[in-house]
Amino acid sequence: MIYHILKRVASLAVCCSIMAACNNDTTDIVENPTGQRVRITADAAFDDTRVNVGAYNGETFPLTWDENDAIAVINAATSHVEGSDIVQFPLTLGAGTNKARFEGEIETGDADYFAVYPYSALLQYTQSQSQFCIAIPNEQVPTTESTVDPAAVIMVSDGAKIVGNRLDLKFNHVTAYAKLKLKNLKDGVISNVVFSTQSSDLAGTYLYNAGNHGSSVCSSSYRSIKVDAANIKSCDDGSHEIMFALLPCALTDFKVEVNYDSAEAMVRNCTCEYPIEFKAGVVSGFTVNMAKPDVEEIFELSENTTEVSDDGGEVEVTVTSNYSYFISTLLPSWITQTASEKIDDLRTTYRFRVDANPGTEPRETAIVFCNENNVCIALLVKQAALQEDEVLDWTQREFFHRSLMMRFTATWCGYCPQMGHGVDIATGLAPDKIEAVAIHGPSSQLASPQSSVLESQFKIGGYPGGVVDYRAEIKNYSNYAYTATTIINAMKETEANYTAVTGIALTSSLNERTLNVEGTVYVKKADTYNITVMLLESGIVKAQTDYSVPSYNNATYVHNNLLRMTVSNIQGDSFKVGSDNSEYKFNYTATVPAAYNLDNMRVLVFIQRPFGTQNRIQSKEYGNYYVDNAVSARIGETHVLQLVESSKGGNESIVPGEDIEM
């Protein structure tokens, strides 16, 4: 397996072609009789199947399948002893990519099937159903620079059923990953590095529960890991770097022992005031200075506690230290580092912006600094709550904007999952910036009420079809990455050309099946607007024709953001605002059918504004209104008015930075 360092992608693939729209065709599921031993194709078909290992500093290490890889496939209906019904599926397609195909023979049935990678990690015994004994090696041999031992990169798939002769697998990491940087080593040939602790198990044989991704000791455990140093990496700054896998844990103490071929050893015991977290699928990078300090350590903050008003503001702190240090934890979304200024050889001043607190509860966090000698100090930031009687001056600030992606689809449409996947990627790349709704046409088994009204308005001639903000057409592209890029570009085009003049506060309540939705629209410009209130449901398992799977039918397809009912008029209810900087109160009541799962439902509210004298940017003639802003919230939850200063944003990501040092 090869690790490639992947910097944050600024843009997605541009090459694409338009796929033909779906016609009224159906494909039946081909089922195998249970109890027969048949040859099965197991596809690791999801984009994140070979799950990217993410580092705290923003880098990711995408794992690719190797031509010698194999997985263990298990029928979870019964317990297994001595390898009964535990079958090795070797890789047959997909080496060098993050998707793969494995083939093997297994007895079919109605139960869930699980898979473990690598095959060698699964012991020939399982406890019951979705629980397996998995071996995490305590002696590891990295194969190339900047990699961990392939036998230690352990993943378990979610449960899946065999459909036809196909098994679709989606894997989750069992192990966490450590990138240990060693400074000030002695000269010589290093034979191995031993990482140990007294506070937690690190490796051994564990009982893994695929249902909740938890683990416990199965038969043996180790609190140390020996890593062969044949491929230890030499860094430009004279330090050395080695990677290994371990069980997810949080450590406050550990020991690093560097052993040389000459029988010499360097040992460093480390104690941390704040735990180092090792999370499944995450690379935690930290540095250990193996040479003991020969001068008195200086490490202090100009203050240890600071208080900020509910309106937010700037926090400033000066660090004095004669050793290198770093900010050891990710800052919460409401605090952003804005500047750092070196005063002299010992002192550096840091500045942080604290967003306004939109809630009625106070909040606090710690900005933690740790130096290379494993000493940590913290600045405690306390922020007051928004007072209920305080008037939020929204007229002088910019509304936080969300776009609306409306997708038209049907359960019989084999091309539709392709666009759905593109929408998922777009919302993942731009979290909190795009509200998505799936509208099923009249011929679908999940038909949305009055969908034909919107299909007519947006000139939908075939499925799938889409529109962003009632103005930008989204076509059916064969490359779902390009679909995602097109959606995000449409969102950015809206923000660049149409500054949001409305903001929305939303709350809802439920009395048995009677839903009440109320809120306020804050309006900066006098005009006539439309408000639309929809009820969406996610997590609906319903068979979906899908041309990307061999049988053309996905019996366990999960439908999300499905339009279940429109509480307002489906084209929006008109309201007029006679003066700038006004508020419009809305209130709707509806009865939710018993067939809908209230726990998986969201209320979607969006405001349509007329183009008026503004430059009209439309793919087609969709009408005189575009979507100015949109919000959603789970039933029973409150969505407060979000301003740019008080929101966490949405189209930003963690930027690359320095490794965590300990």
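Predicted model, so just to flag it, every value in this text is computed and none were measured.
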(message) Is it true that Thr532 and Gln608 share a donor-acceptor pair across their side chains at a distance under 3.5 Å?
(response) yes

(message) Aromatic contact between Tyr463 and Phe408, with the criterion being ring centroids under 6.0 Å apart: yes or no?
(response) no

(request) List for me each residue that meets salt bridge (charged side-chain N to carboxylate O under 4.0 Å, His left out) alongside Arg609, sequence neighbours excluded, and say none if there are none. (result) none

(request) First locate atom CD1 of Ile635, then atom CG of Asn516, and finally report the distance between them rounded to the nearest 0.5 Å. (result) 11.5 Å

(message) Ser632: which residues meet the side-chain contact (heavy atoms from CB on, under 4.5 Å) condition with it, sequence neighbours left out?
(response) Glu435, Arg602, Leu604

(message) With a 4.5 Å cut-off on side-chain heavy atoms, are His559 and Thr411 touching?
(response) yes

(request) Could you list the residues that satisfy salt bridge (charged side-chain N to carboxylate O under 4.0 Å, His left out) with Lys620, not counting sequence neighbours? (result) Glu473

(message) With a 4.5 Å cut-off on side-chain heavy atoms, are Leu510 and Leu598 touching?
(response) yes

(request) Determine, for Tyr584 and Lys576, whether the Lys NZ or Arg CZ falls below 6.0 Å from the six-membered ring centre while staying within 45 degrees of the axis. (result) no

(message) Quick check: do Arg564 and Ile540 have side-chain heavy atoms less than 4.5 Å from each other?
(response) yes

(request) Please say whether more than 12 non-hydrogen atoms of neighbouring residues, nucleotides or ligands are located less than 6.0 Å from NZ in Lys524. (result) yes

(message) Test of understanding: with side-chain contact (heavy atoms from CB on, under 4.5 Å), list the residues that count as partners of Ser538, not counting sequence neighbours.
(response) Asn560, Asn561

(request) Sequence neighbours left out, what passes salt bridge (charged side-chain N to carboxylate O under 4.0 Å, His left out) with Glu316? Give chain and number order. (result) Arg351

(request) Calculate, to the nearest 0.5 Å, the distance between atoms CG and OG belonging to Leu535 and Ser568 respectively. (result) 11.5 Å

(request) Verify, without hydrogens or angle tests, whether Glu495 (side chain) and Ser403 (backbone) share a donor-acceptor contact under 3.5 angstrom. (result) no

(request) Just jot down the side-chain hydrogen bond (donor to acceptor under 3.5 Å, both in side chains) partners of Tyr625, sequence neighbours excluded, or say none. (result) none

(request) Nearest 0.5 Å please: distance from the CG atom of Leu380 over to the OG1 atom of Thr306. (result) 9.5 Å

(request) Could you tell me which residues satisfy side-chain hydrogen bond (donor to acceptor under 3.5 Å, both in side chains) with Thr507, sequence neighbours excluded, listed by chain and number? (result) Thr638

(message) Just to verify, what does Thr486 make a side-chain contact (heavy atoms from CB on, under 4.5 Å) with, not counting sequence neighbours?
(response) Ile474, Tyr477, Tyr482

(message) Restricting to side-chain hydrogen bond (donor to acceptor under 3.5 Å, both in side chains), what partner residues turn up for Asn615, sequence neighbours left out?
(response) none

(message) Run the salt bridge (charged side-chain N to carboxylate O under 4.0 Å, His left out) test against Glu621 and tell me which residues pass, sequence neighbours left out.
(response) Arg616

(request) With the side chain counted from C-beta on, respond yes when Thr338 and Phe352 share a heavy-atom pair under 4.5 Å apart, and no when they do not. (result) no

(message) For the backbone of Leu404 and the side chain of Asp469, can you confirm whether one donor and one acceptor N or O come within less than 3.5 Å of each other?
(response) yes

(message) What I'd like to find out is whether the side chain of Pro610 reaches to under 4.5 Å of the side chain of Thr528, using heavy atoms alone.
(response) no

(message) As an exercise, state the distance from OG1 of Thr589 to CG of Leu515, rounded to the nearest 0.5 Å.
(response) 7.5 Å

(message) Between Tyr350 and Leu379, is there a side-chain heavy-atom distance shorter than 4.5 Å?
(response) no

(request) Name all pairs fulfilling the ring-ring contact (aromatic ring centres under 6.0 Å, His included) condition that reach into residues 483-519, sequence neighbours left out, sorted by first residue then second. (result) Tyr498-Phe611, Tyr498-Tyr626

(message) Taking Val501's backbone N and O only, do any of them form a donor-acceptor pair with Asp628's side chain (distance below 3.5 Å, no angle check)?
(response) yes

(message) With a 3.5 Å distance limit and no angle check, can you tell me whether Ser448 reaches the backbone of Ile439 through a side-chain donor-acceptor pair?
(response) no

(message) Distance check, rounded to the nearest 0.5 Å: Glu398 atom CD versus His401 atom NE2?
(response) 10.0 Å

(request) List for me each residue that meets side-chain contact (heavy atoms from CB on, under 4.5 Å) alongside Ser309, sequence neighbours excluded, and say none if there are none. (result) Asp311

(request) Give, for atom CZ of Arg471 and atom OG1 of Thr494, the distance between the pair rounded to the nearest 0.5 Å. (result) 3.5 Å

(message) With a 6.0 Å cut-off on the ring centroids, do Phe575 and Phe586 count as close?
(response) no

